[in-house]
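Right, one structure below, let's go through it.
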Amino acid sequence: MEQSGEKLTYAEAIDRAGDAIHRFPLVEVRGVPLMEHIANNWDAIWAFRPHPSDLLISTYPKAGTTWTQEIVDLLLNNGDADVSKRAPIAVRIPFLEIFSPPPIPSGLDLLKDMEPPRVIKTHLPFQLVPEGFWENKCKVIYVARNAKDNLVSYYHFDRMNLTQPEPGPWEGYIHKFMKGDLGWGSWYEHVKGYWREREKRNILYLFYEDMKENPRREILRIMEYLGLALSDDVIEHIVQLTSFKVMKDNPMANYSFIPMPVFDQSISPFMRKGEVGDWANHFTPEQAKVFDEDYARQMKDADIPFRASI
Ligand code: A3P
């Protein structure tokens, strides 16, 4: 990555940003709470024009974004592990809306130096995705994860990501999640927004739980959506390379390239557990009851087949 003609690694850029890095407040953009730097740069993000060949990977935070990014990158590179190690995942597949203190590059900085077709990551809810993606009929892969596991993963992430608001105690965090009082807003509205539009917009809507249950099947679905035809051997290789264990040890995928004071992986590793049903180790029966009742209310206008166990 280049700043003023000088190439910096993420670690160097983070080091230079120094004291400017801290836990940023959330600022609403059209009713959706976003990290302050994102809100401050919203006009530039909204004005982004993708190329029709660009592909968008969209998720609510902690739904399996990085996993899907790695799968897509490998599919597009015929399962070549060396090619997928050419750069950190955040450089290979830029995060559309991310803005951080300079000289840490923004998503838009990285994208402007790349030729289409590009793969782009976003956590923006459907209504905040720049309209050019729909006007240009870009392919979009959406990954959704069941609410309770997504919440648990976000809680641990907010503990270790020192640029996100303090998560506070677990009990209170559950209520923040239910109210949509977290970065990128309401999980409920996020998963419903893309679900409603999936047919009209040709969005490939995937579930984290399906990927865990049968990664090969879901990788094949992605392959077909991308219009690719890879051999069985290559697909099997991609299944291996994108297993939790292999990705956890891959420095180009496990976010060790984003060091302190942004990510403190001694608090909780980015590749934390990668399981379905870990929520049961966090929620008390009473908390699960309150959550499930609220869930039924918030999700009554949608019939999305989420599974909290497999
Ligand atoms: P946990 O915190 O439950 O472990 P995102 O990439 O959207 O931030 O999502 C991160 C979550 O996906 C974390 O969940 C992480 O461990 C999990 N994850 C990352 N790679 C994975 C993989 N290859 N297989 C299963 N889960 C994975």
Side-chain angles (χ1 to χ4, degrees), residues 35 56-75 79 81 84 88-90 92-98 107 119-125 141-161 163-164 167 170 173 177 182-184 187 190-191 194 206-219 222 236-258 262-265 267-283 306-310:
M35 291 167 85
L56 188 66
I57 298 176
S58 179
T59 55
Y60 188 76
K62 314 316 291 176
T65 329
T66 316
W67 188 10
T68 310
Q69 287 175 275
E70 191 70 4
I71 291 170
V72 166
D73 192 48
L74 281 160
L75 283 169
S84 77
I89 190 78
R92 285 179 275 147
I93 302 185
F95 187 0
L96 174 63
E97 66 268 26
I98 202 67
V119 186
I120 303 171
K121 158 187 164 179
T122 189
H123 290 319
L124 292 171
I141 299 174
Y142 185 78
V143 187
R145 184 177 194 182
N146 81 79
K148 283 185 287 207
D149 281 332
N150 205 141
L151 187 169
V152 167
S153 185
Y154 210 170
Y155 171 68
H156 290 293
F157 183 66
D158 279 351
R159 291 171 55 234
M160 65 77 93
N161 181 346
T163 64
Q164 289 270 80
W170 164 246
Y173 196 85
F177 184 94
L182 300 174
W184 290 275
W187 174 93
H190 209 285
V191 298
Y194 285 88
L206 302 173
F207 293 96
Y208 180 95
E209 295 73 26
D210 292 348
M211 291 167 64
K212 280 296 292 187
E213 182 179 64
N214 190 336
R216 183 187 165 81
R217 180 189 65 207
E218 299 306 305
I219 290 171
I222 299 173
E236 189 47 43
H237 190 45
I238 295 176
V239 171
Q240 299 309 324
L241 290 171
T242 57
S243 68
F244 179 80
K245 204 175 161 316
V246 172
M247 279 184 61
K248 192 176 169 70
D249 290 338
N250 177 355
M252 292 302 170
N254 67 13
Y255 276 91
S256 53
F257 53 85
I258 303 272
V262 177
F263 286 175
D264 185 347
Q265 299 216 30
I267 296 176
S268 180
F270 186 91
M271 298 285 167
R272 192 184 61 88
K273 276 195 176 174
E275 286 172 7
V276 178
D278 187 39
W279 63 267
N281 299 316
H282 290 74
F283 283 73
F306 279 109
R307 293 185 292 165
S309 62
I310 50 173

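For ligands, and for the atoms within them, numbers begin at 1 and follow the listed sequence.
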**Item:** For ligand 1, the portion of R145 having any non-hydrogen atom under 4.0 Å away
**Value:** side chain

**Complete:** Given the options D149, N146, D210, R307 meets side chain to side chain donor-acceptor pair (under 3.5 Å) only with D210

**Asked** Who's the nearest protein heavy-atom neighbour of atom 6 (O) of ligand 1, and how far?
**Response** T66 OG1, 2.5 Å

**Request:** Report yes or no: do H123 and S58 form a side-chain donor-acceptor pair below 3.5 Å?
**Result:** no

**Complete:** Contact region, T242 to ligand 1, non-hydrogen atoms below 4.0 Å, reads backbone

**Shortest protein contact, atom 15 (C) of ligand 1 (heavy atom only)** = F270 O, 3.9 Å

**Item:** Test of ring centre spacing under 6.0 Å for Y255 and F257
**Value:** yes

**Request:** State whether F270 and K62 meet the cation-pi test: NZ (Lys) or CZ (Arg) under 6.0 Å from the six-membered ring centroid, and within 45° of the perpendicular axis.
**Result:** yes

**Asked** In the protein, which heavy atom is nearest to atom 13 (C) of ligand 1, and how far is it?
**Response** S153 OG, 3.7 Å

**Prompt:** For atom 8 (O) of ligand 1, what's the nearest protein heavy atom and its distance?
**Reply:** K62 NZ, 2.8 Å

**Request:** Can you figure out which of Y60, Y255, W67 has its heavy atom closest to atom 22 (C) of ligand 1?
**Result:** W67

**Complete:** At under 4.0 Å between heavy atoms, what of A63 touches ligand 1? The answer is backbone

**Asked** Are any of the side-chain nitrogens in E236 or R216 under 4.0 Å away from the carboxylate oxygens of its partner?
**Response** yes

**Request:** Pull out every atom of ligand 1 sitting under 4.0 Å from any heavy atom of M247, numbered as shown with elements.
**Result:** 20 (N), 23 (N)

**Complete:** When R92, K248, K121 are each screened for salt bridge (charged side-chain N to carboxylate O under 4.0 Å, His left out) with E70, the one that passes is R92

**Message:** Is the distance from the ring center of Y154 to that of Y60 below 6.0 Å?
**Reply:** yes

**Fill in**
Scanning both residues in full, the closest heavy-atom pair of P61 with W184 reads CG-CE3, 3.6 Å

**Prompt:** Backbone or side chain, does any N or O of E275 fall under 3.5 Å from an N or O of ligand 1?
**Reply:** no

**Asked** What part of M271, side chain, backbone, both or neither, has a heavy atom within less than 4.0 angstrom of ligand 1?
**Response** both

**Request:** Please report which non-hydrogen protein atom sits nearest to atom 17 (C) of ligand 1, along with the residue it belongs to and the distance in Å to one decimal place.
**Result:** Y208 OH, 3.9 Å

**Complete:** Here the atoms of ligand 1 under 4.0 Å from any heavy atom belonging to S243 are 23 (N)

**Request:** Please write down residue, atom name and distance for the protein heavy atom closest to atom 7 (O) of ligand 1.
**Result:** T65 OG1, 2.4 Å

**Prompt:** Sub-3.5 Å donor-acceptor pair from the side chain of W279 to the main-chain atoms of V152, do we have one?
**Reply:** no

**Request:** Return yes or no for this condition: an N or O of P61 is under 3.5 Å from an N or O of ligand 1.
**Result:** no

**Asked** Strictly under 6.0 Å, is that where the ring centroids of Y208 and F306 end up?
**Response** no

